[in-house]
Amino acid sequence: MSTLYEKIGGKPTIEKVVDELHKRILADNTLKPFFANTDMVKQRNHQITFFSQIFEGPKEYSGRPMDKTHAGMALQQPHFDAIAKYLSESMTVAGVSADDTKAALDRVSNLKPAILNK
Ligand code: HEM
């Protein structure tokens with residue numbers, strides 16, 4: 001049985017997804033300010049390795065856990081929903097099927113309590 005990581009096309013697909021996701025986040029004035037002091041090159045690498053890991057690809061993520069990373073940002077449900085929507089769009093643009101996109105979003109949704117620190 002192949003993993004979600006393999007099904008969606010592995011690293012090249014995830015790289016494309018993260019590039020599309022960052023393009024959308026930085027074009028959204030409600031989200032962009034959160035990243036004002038973020039090194040987006042480092043962020044890109046952490047997002048790629050993070051998604052690879054939660055989609056059962058290589059375990060190479062070296063960033064912080066989700067609760068610690070997002071603590072103090074006072075994130076609310078609409079922030080989470082906006083990123084989830086952009087992630088879904090980015091997966092579609094990268095050629096990921098509707099079923100696999102849904103499976104990926106389910107995994108990201110499981111992280112919501114940690115990300116929102118609620
Ligand atoms: C929806 C699911 C989300 C996932 C899977 C996610 C994942 C991540 C990951 C893997 C990092 C890197 C952590 C590190 O470098 O140690 C990160 C950092 C960050 N996230 Fe999220 N995140 C999500 C939602 C959000 C939301 C809703 C916001 C705000 C609107 C946000 C704002 C940030 C910021 C500003 C950073 C960079 C922190 C820094 O520069 O130190 N994230 N996120």
Side-chain angles (χ1 to χ4, degrees):
M1 246 218 8
S2 56
T3 64
L4 183 58
Y5 177 83
E6 288 163 345
K7 278 199 274 186
I8 68 175
K11 194 171 180 201
T13 306
I14 294 184
E15 285 175 340
K16 172 118 172 93
V17 168
V18 170
D19 288 340
E20 290 291 333
L21 176 62
H22 284 176
K23 211 160 69 184
R24 285 165 173 73
I25 290 174
L26 297 179
D28 183 325
N29 288 332
T30 66
L31 301 178
K32 190 180 174 189
F34 285 97
F35 295 87
N37 299 314
T38 297
D39 174 344
M40 292 309 284
V41 175
K42 198 169 138 197
Q43 177 72 3
R44 179 180 187 271
N45 181 48
H46 278 171
Q47 275 304 2
I48 291 166
T49 51
F50 183 77
F51 285 134
S52 300
Q53 191 155 313
I54 67 167
F55 302 159
E56 297 154 80
K59 292 188 175 29
E60 293 168 351
Y61 177 64
S62 63
R64 294 157 293 165
M66 289 300 95
D67 53 350
K68 291 205 169 58
T69 297
H70 301 96
M73 293 187 197
L75 294 183
Q76 305 299 328
Q77 179 80 40
H79 299 121
F80 184 90
D81 290 344
I83 296 217
K85 184 185 88 162
Y86 291 143
L87 178 60
S88 174
E89 281 176 17
S90 300
M91 296 197 100
T92 303
V93 168
V96 177
S97 72
D99 278 359
D100 291 343
T101 297
K102 190 185 174 302
L105 264 293
D106 283 350
R107 287 178 199 209
V108 170
S109 292
N110 287 337
L111 303 168
K112 190 168 78 174
I115 291 168
L116 297 185
N117 280 267
K118 288 186 173 121

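Order of listing sets the numbers, starting from 1, for every ligand and every atom in it. Because the structure is a prediction, the values reported are computed rather than measured. Every heavy atom of this structure was used, including side-chain atoms; hydrogens, water molecules and symmetry mates were not.
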Counting heavy atoms under 4.0 Å, the part of F50 that contacts ligand 1 is side chain

Just to confirm my output: which protein heavy-atom neighbour is closest to atom 41 (O) of ligand 1, and how far is it? R64 NH2, 2.9 Å

Can you list the ligand 1 atoms lying under 4.0 Å from a non-hydrogen atom of L31? 30 (C)

re atom 26 (C) of ligand 1, the protein heavy-atom contact at minimum distance is I83 CD1, 3.5 Å

Only heavy atoms of F80, strictly under 4.0 Å: list the atoms of ligand 1 that pass. 1 (C), 2 (C), 27 (C)

Please report the interatomic distance NZ(K16) to CG(L21), rounded to the nearest 0.5 Å. 12.5 Å

Closer than 4.0 angstrom: is that true for some heavy atom of K112 and an atom of ligand 1? no

So which of D67, L111, L75 actually passes side-chain contact (heavy atoms from CB on, under 4.5 Å) with L116? L75

Could you check whether the rings of Y61 and H46 sit parallel, tilted or perpendicular, using 30° and 60° as the cut-offs? perpendicular

Atom indices of ligand 1, in the order listed, that fall short of 4.0 Å to a heavy atom of Q43: 11 (C), 12 (C), 17 (C), 18 (C), 19 (C), 37 (C), 43 (N)

Which of the numbered atoms in ligand 1 are under 4.0 angstrom from any heavy atom belonging to H79? 27 (C), 30 (C)

Polar atom proximity, N37 to ligand 1 (N or O, under 3.5 Å): no

What are the atoms of ligand 1, with element, lying closer than 4.0 Å to any heavy atom of I115? 2 (C), 3 (C), 4 (C), 23 (C), 24 (C)

